Asker: 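Pasting a structure below so you can have a look.
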Amino acid sequence: MASWVNRVIGAAQLRSATYEEVEADKSANLQALGVVVLSAIAAGFSMAQGGGRAIGVGILAALVAWVLWSALTWLIGTKFLSTPETHADIGELLRTTGFAAAPGMLRIFGGIPVVGFVFNLVAGLWMLAAFVVAVRQALDYRSTGRALLVCGIGWLVWFAVIAWTFLLLGASVAGFQALRGNIQ
């Protein structure tokens with residue numbers, strides 16, 4: 001079994017073999033979680049003006065996003081766009097996509113004035129590429145295009161759910177504030 005550091009490096013290098021190894025290793029769940037948390041902490045530090053609370057909220061948001069997008073991707077990839085070779089459980093997809101967050105650790109440099117946005121942009125695009133490779137390997141696709149399609153559809157559905165939730169929450173808050181204003 002490879003070390004955690006070697007797996008993080010292999011995942012960041014988009015090595016298919018690393019994702020296959022992580023997919024097969026049921027004991028790598030905590031390792032994948034660690035990658036997601038470190039990536040979220042790096043993102044939090046890049047926005048240091050928010051302080052510790054912002055980092056905590058960022059970690060929670062990253063964990064929720066990881067689980068939701070991975071679950072959506074698993075559902076779409078295994079139920080709607082599967083191939084005869086497709087075989088995966090949610091744990092396999094969570095492990096591989098968790099390691100796909102490895103490039104996100106670069107976001108630690110995102111707070112550097114003037115050039116920080118470049119680190120954040122590169123890390124975001126790199127994470128997306130890693131997510132596609134992770135999905136391709138976890139769902140046993142032969143085509144990167146199919147993995148990209150599954151990831152794109154999953155992201156659109158995830159984004160729509162998040163946007164709808166924020167709209168509902170915003171409407172609820174506005175309604176509550178209006179009601180409170182009428183009562184006082």
Side-chain angles (χ1 to χ4, degrees), residues 1-46 55 58-110 119-158:
M1 179 172 92
S3 75
W4 181 78
V5 172
N6 288 339
R7 284 179 168 177
V8 169
I9 292 168
Q13 292 175 335
L14 308 181
R15 290 188 188 158
S16 298
T18 299
Y19 288 103
E20 287 293 335
E21 178 183 317
V22 169
E23 174 191 8
D25 185 0
K26 292 181 181 185
S27 69
N29 293 333
L30 287 177
Q31 290 182 353
L33 174 66
V35 175
V36 173
V37 169
L38 286 175
S39 178
I41 290 170
F45 277 118
S46 77
I55 293 172
I59 292 170
L60 181 61
L63 292 173
V64 169
W66 167 49
V67 171
L68 287 180
W69 194 14
S70 295
L72 278 168
T73 302
W74 175 80
L75 182 66
I76 294 163
T78 61
K79 305 301 181 202
F80 300 108
L81 292 175
S82 65
T83 66
E85 297 83 19
T86 301
H87 169 52
D89 61 39
I90 190 68
E92 292 170 345
L93 203 62
L94 282 168
R95 285 190 296 276
T96 59
T97 58
F99 272 89
M105 293 181 202
L106 273 179
R107 296 181 294 185
I108 192 84
F109 303 112
F119 284 100
N120 285 328
L121 177 64
V122 168
L125 293 173
W126 194 353
M127 286 172 58
L128 180 59
F131 196 89
V132 171
V133 172
V135 168
R136 183 188 68 206
Q137 298 311 122
L139 297 180
D140 303 312
Y141 289 155
R142 291 186 180 155
S143 163
T144 301
R146 181 177 292 271
L148 186 59
L149 178 63
V150 168
C151 292
I153 292 169
W155 183 83
L156 287 172
V157 171
W158 174 81

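All residue numbers refer to positions in the sequence shown, counting from 1. Since we're looking at a predicted model, the values are computed, not measured.
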Asker: Are R142 and T83 close enough that some pair of their side-chain heavy atoms sits under 4.5 Å apart?
Answerer: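 They are not in contact (no side-chain heavy atoms under 4.5 Å apart), so the answer is no.
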Asker: Would you say L14 and V132 make side-chain contact, with heavy atoms under 4.5 Å?
Answerer: no
Asker: Answer yes or no: is there a side-chain heavy-atom contact under 4.5 Å between R7 and V35?
Answerer: no
Asker: Once you round to the nearest 0.5 Å, how far does CG of L94 lie from CZ of F99?
Answerer: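 Going from CG on L94 over to CZ on F99, the span is 12.5 Å.
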Asker: Could you grab the distance from atom CG of D140 to atom CD of E85, nearest 0.5 Å is fine?
Answerer: 8.0 Å
Asker: Rounded to the nearest 0.5 Å, what separates atom CD in Q13 from atom CH2 in W126?
Answerer: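 Reported value, rounded in 0.5 Å steps: 8.0 Å.
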Asker: If I take atom CD from residue E20 and atom OG1 from residue T96, how far apart are they, to the nearest 0.5 angstrom?
Answerer: 9.0 Å
Asker: Mark yes or no for whether S39, through its side chain, and V36, through its backbone, hold a donor-acceptor pair below 3.5 Å.
Answerer: no
Asker: How long is the gap from CH2 on W66 to CG on L93, to the nearest 0.5 Å?
Answerer: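 It comes to 10.0 Å.
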Asker: Is the shortest heavy-atom distance from the side chain of F45 to the side chain of R107 under 4.5 Å?
Answerer: no
Asker: What's the verdict on side-chain contact (heavy atoms from CB on, under 4.5 Å) for L149 and I76, showing C-alpha distance, side-chain angles and the deciding distance?
Answerer: CA-CA 10 Å; L149 178 63; I76 294 163; over 6 Å; no
Asker: Any idea which heavy atoms bring P103 and A100 closest together, and the distance?
Answerer: CD-O, 3.2 Å
Asker: Could you pull out all residues at least two apart from L128 that satisfy side chain to side chain contact (heavy atoms under 4.5 Å, CB included)?
Answerer: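 W69.
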Asker: Under 3.5 Å, is there a donor-acceptor pair between the side chain of R95 and the main chain of E23?
Answerer: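 At least one qualifying donor-acceptor pair exists.
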Asker: Under the 3.5 angstrom rule, does the side chain of W158 hit a backbone N or O of L68 as a donor-acceptor pair?
Answerer: no
Asker: Using every non-hydrogen atom in the two residues, find where G104 and A42 come nearest and quote the distance to one decimal.
Answerer: O-CB, 3.8 Å
Asker: So which atom in S82 and which in T78 form the shortest heavy-atom distance, rounded to 0.1 Å?
Answerer: CB-O, 3.4 Å
Asker: Does the side chain of L38 come within less than 4.5 Å of V8's, by heavy atoms?
Answerer: no
Asker: Should F119 and I108 count as side-chain neighbours, where that means a heavy-atom distance under 4.5 Å?
Answerer: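 SC-SC contact between F119 and I108 ruled out.
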Asker: Just to verify, what does Y141 make a ring pair (Phe, Tyr, Trp, His ring centres under 6.0 Å) with, not counting sequence neighbours?
Answerer: none
Asker: Please give me the minimum heavy-atom distance between A123 and L106, naming the atom from each residue.
Answerer: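 Shortest heavy-atom contact: CB-CB, 4.1 Å.
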Asker: Return the CH2 to CD1 distance between W4 and I9, rounded to the nearest 0.5 Å.
Answerer: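 Separation between the atoms: 9.5 Å.
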Asker: How close do A88 and A138 get, counting heavy atoms only, and between which atoms?
Answerer: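 A88 and A138 have their closest heavy atoms at CB-O, 3.1 Å.
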Asker: Looking only at non-hydrogen atoms, find the nearest pair between A11 and Y19 and report the distance.
Answerer: O-OH, 2.9 Å
Asker: Does the pair S70 and T73 meet the rule for a side chain to side chain donor-acceptor pair (under 3.5 Å), with working shown?
Answerer: CA-CA 5 Å; S70 295; T73 302; 6.0 Å; no
Asker: Taking the side chain as C-beta and beyond, is there a heavy-atom pair between L139 and R146 under 4.5 Å?
Answerer: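 The answer is no; the side chains never approach within 4.5 Å.
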Asker: Side-chain contact test, heavy atoms from C-beta onward, threshold under 4.5 Å: evaluate it for R136 versus V150 and give yes or no.
Answerer: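 Not touching, per the 4.5 Å side-chain cut-off.
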